[in-house]
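Quick caveat, the model's predicted, so the values are computed rather than measured. We're numbering straight along the sequence, starting at 1.
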Amino acid sequence: MLSNHADILELQKEKSHLEQKLKELHIPVIPISSKDDAMNSKVQDIAKRKLAQQTGSGTKH
């Protein structure tokens, strides 16, 4: 039982050491989305509006 507790404490110590290393690193954050993604979103929105207008104008007659 004491051996198990010693192993757990050792693992906790290693974990805290690794977490400290990660805090010290300065990793740059790079956005996943790009300008192309924003443009594609706009095109999809326009397509949805056109489709809504077409289906909406068909019900008015």
Side-chain angles (χ1 to χ4, degrees):
M1 186 118 170
L2 289 176
S3 174
N4 289 340
H5 286 289
D7 289 341
I8 291 170
L9 288 173
E10 185 63 33
L11 290 172
Q12 292 267 344
K13 186 178 178 181
E14 287 178 26
K15 179 184 171 199
S16 65
H17 181 66
L18 288 173
E19 286 176 344
Q20 186 63 34
K21 276 186 173 180
L22 281 175
K23 286 181 182 178
E24 292 172 359
L25 293 177
H26 297 287
I27 302 170
V29 177
I30 301 170
I32 293 174
S33 63
S34 66
K35 291 180 181 180
D36 293 337
D37 291 341
M39 186 60 146
N40 288 338
S41 172
K42 289 179 184 178
V43 170
Q44 289 175 351
D45 288 343
I46 292 170
K48 286 179 186 178
R49 277 189 257 139
K50 285 184 179 180
L51 181 62
Q53 287 175 348
Q54 290 173 355
T55 56
S57 63
T59 59
K60 290 181 180 179
H61 292 286

Report, one line per pair, each donor and acceptor closer than 3.5 Å where one atom sits in a side chain of residues 9-17; sequence neighbours left out.
residue, atom, partner, partner atom, Å
S16, OG, Q12, O, 3.4
S16, OG, K13, O, 2.9

* Check the surroundings of atom CG in L2: do more than 12 heavy atoms from other residues, nucleotides or ligands lie under 6.0 Å from it? =>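 Check fails, neighbour count at 12 or below.
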* **Euclidean distance, T55 OG1 relative to K50 NZ, rounded to 0.5 Å** =>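 Taking NZ in K50 and OG1 in T55, the distance rounds to 14.0 Å.
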